[in-house]
There are 2 protein chains.
Amino acid sequence: MTQLDQTFAALGDGTRRAILARLTRGEAALSEIAEPFEMSQTAVSKHVRVLSEAGLVRVSKRGRTRYCRLEAAPMKQAAEWLETYQTFWEGRFVALARYLEENP
Amino acid sequence: MTQLDQTFAALGDGTRRAILARLTRGEAALSEIAEPFEMSQTAVSKHVRVLSEAGLVRVSKRGRTRYCRLEAAPMKQAAEWLETYQTFWEGRFVALARYLEENP
DNA sequence: GATATAGTCAACCAATAAGTTGACTTTAGA
DNA sequence: TCTAAAGTCAACTTATTGGTTGACTATATC
């Protein structure tokens with residue numbers, strides 16, 4: 001799996017996106033993160049691991065608690081990949097078609 | 001699965017992203033799409049189905065061949081979701097933190 | 001020292017994903 | 001009409017995902 005694979009795959013789950021949204025409000029302990037979800041802490045822990053392996057979250061241990069921090073950097077590449085298609089969802093095909101003609 | 005789930009999940013696979021990239025060069029038959037990949041046409045067909053169910057590709061039958069067209073619209077939502085995090089990967093936390101303070 | 005809290009780990013389960021193959025249908029072309 | 005091409009479908013395999021529970025470790029706190 002490439003970084004892009006991991007990033008997109010990690011984002012393809014609502015629970016994980018919600019975790020990331022939570023982390024925009026600042027660092028949080030795993031138990032805090034898990035609290036609003038109707039699933040075991042272990043399950044949330046697994047989601048955090050997926051995010052962490054994708055580089056979207058950094059976990060640091062202090063005492064007995066694990067603090068999670070948002071690490072948005074990998075999203076940049078994903079956003080850039082998507083931007084390639086912006087002309088298409090905006091319906092401006094012609095400009096891109098010409099660009100691709102001129103840059104084969 | 002929400003639309004966003006489906007979009008991100010569909011993009012979390014290199015083969016599928018390659019298919020989409022191919023389709024930026026215009027409509028293509030399934031067999032054309034499948035040709036460069038080292039897997040069966042059936043496998044590619046399944047990938048196209050995933051893309052189609054995510055609304056990222058539209059398939060139209062003409063004669064015995066299925067033509068696939070890029071349908072980029074769902075990417076817009078994904079891009080917008082990612083943009084929310086732009087301030088983070090750019091390191092401009094302060095501005096967003098203030099925004100969130102003022103808009104709780 | 002006793003107990004509660006934060007979290008991991010291993011084992012398990014059910015569902016889904018990603019691929020294969022072989023048989024089949026439909027359409028095109030010689 | 002015969003054959004080849006485009007594609008689907010069903011069945012199967014293997015691996016991964018998303019979740020559970022129960023036992024465990026490590027750290028706080030009383």
Side-chain angles (χ1 to χ4, degrees), chain A residues 1-23 26-71 74, chain B residues 1-23 26-70 74 78:
Chain A
M1 279 230 279
T2 69
Q3 174 63 58
L4 212 45
D5 284 338
Q6 277 192 298
T7 305
F8 277 129
L11 297 180
D13 181 289
T15 302
R16 287 195 289 264
R17 288 198 308 279
I19 292 172
L20 294 174
R22 164 66 187 85
L23 293 181
E27 198 176 52
L30 201 66
S31 48
E32 279 181 84
I33 294 172
E35 198 272 325
F37 295 103
E38 286 175 346
M39 64 179 79
S40 67
Q41 195 187 353
T42 305
V44 173
S45 176
K46 282 189 182 181
H47 280 300
V48 168
R49 181 186 307 280
V50 172
L51 290 168
S52 151
E53 279 168 359
L56 290 164
V57 158
R58 229 181 62 195
V59 183
S60 59
K61 182 179 168 180
R62 287 207 297 282
R64 66 183 163 182
T65 84
R66 265 71 173 176
Y67 291 94
C68 303
R69 249 185 45 203
L70 179 60
E71 206 66 62
Chain B
M1 278 229 279
T2 69
Q3 174 63 57
L4 213 44
D5 284 339
Q6 277 192 297
T7 305
F8 278 130
L11 296 180
D13 180 290
T15 302
R16 287 195 288 264
R17 289 198 308 280
I19 291 173
L20 293 173
R22 164 66 186 84
L23 293 181
E27 199 177 51
L30 201 68
S31 49
E32 280 180 84
I33 294 171
E35 198 272 325
F37 295 103
E38 286 175 345
M39 64 180 80
S40 68
Q41 196 187 351
T42 304
V44 173
S45 176
K46 283 190 182 180
H47 280 300
V48 168
R49 181 186 308 279
V50 172
L51 291 168
S52 151
E53 280 168 359
L56 290 164
V57 158
R58 229 182 60 195
V59 182
S60 58
K61 181 178 167 181
R62 287 208 295 283
R64 66 182 164 184
T65 84
R66 266 71 174 175
Y67 291 95
C68 302
R69 249 186 45 203
L70 179 61

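Everything numeric in this text was worked out from a predicted model, so none of it was measured. Labels below follow one simple rule: chain letters A, B, ... track the order of the sequence lines, proteins then strands, and each chain is numbered from 1.
Here dG7(D) presents its P atom at 5 Å from CG of Leu30(B), a figure rounded to the nearest Å. One atom, CG of Asp13(B), and another, P of dT16(D), lie 14 Å apart when rounded to the nearest Å. The NE2-P distance, from His47(A) to dT20(D), rounds to 9 Å in whole Å. One interatomic measurement links the two molecules: CD of Glu38(B) to C1' of dT20(C), which rounds to 15 Å at whole-angstrom precision. When the P atom of dA15(D) is taken as reference, atom CG of Asp5(A) falls 19 Å away, rounded to whole Å. Going from atom CD1 of Ile19(A) over to atom C1' of dG18(D) covers 12 Å, rounded to whole Å. Between the CD atom of Glu53(B) and the C1' atom of dA18(C) there is a distance of 14 Å, given to the nearest Å. One atom, CE of Met1(B), and another, P of dT17(D), lie 14 Å apart when rounded to the nearest Å.
Listed candidates were dA18(C), dG7(C), dG7(D). Nearest to the side chain of Thr65(A) is dG7(C). Comparing atom distances between the Lys46(A) side chain and each of dT20(C), dT21(D), dA11(C) picks out dA11(C) as nearest. Of all nucleotides listed (dT20(D), dT8(D), dG7(C)), dT20(D) comes nearest to the side chain of Ala43(A).
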*asked:* Go through it in stages, so that I can follow the logic: the residues are Leu30(B) and Val59(B), the test is side-chain contact (heavy atoms from CB on, under 4.5 Å), and I'd like the CA-CA distance, side-chain angles, deciding distance and then a yes or no.
replied: CA-CA 9 Å; Leu30(B) 201 68; Val59(B) 182; over 6 Å; no

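Residue Ser40(B) places at least one side-chain N or O under 4.0 Å from the OP1 or OP2 atom of dT20(C). In terms of phosphate contacts, Arg49(A) brings a side-chain nitrogen or oxygen within less than 4.0 Å of OP1 or OP2 of dC9(C).
Nearer to the 5' terminus of DNA chain D, by closest-nucleotide assignment, is the contact made by Ala29(B) (compared with the other of Gly12(A) and Ala29(B)). Between Gly63(A) and Ala9(A), it is Ala9(A) whose nearest contact on DNA chain D lies nearer the 5' terminus.
Judged by distance alone, the side chain of Ser52(A) and the main-chain N or O of Val48(A) form no donor-acceptor pair under 3.5 Å. Here the side chain of Arg16(A) pairs no donor or acceptor atom with the backbone of Leu11(A) at under 3.5 angstrom.
Arg17(B) CZ to Leu51(B) CG: the interatomic distance, rounded to the nearest 0.5 Å, is 11.0 Å.
At a threshold of 4.0 angstrom between heavy atoms, the contacts of Arg16(B) are confined to the sugar-phosphate backbone, with no base atom among them. Residue-level contact check: Ser31(A) touches the backbone only, with heavy atoms under 4.0 Å from sugar-phosphate atoms and none from bases. Residue-level contact check: Thr15(B) touches neither bases nor backbone, having no heavy atom under 4.0 Å from any strand.
For dG7(D), the base has no donor-acceptor partner in the side chain of Lys61(B) [N/O atoms by modelled type, under 3.5 angstrom]. A donor N or O paired with an acceptor N or O is not found under 3.5 Å between the base of dT26(C) and the side-chain atoms of Arg64(B).
Counting all heavy atoms, side chain and backbone alike, Asp5(A) lies closest to Gly14(B) at OD1-N, 3.1 Å.
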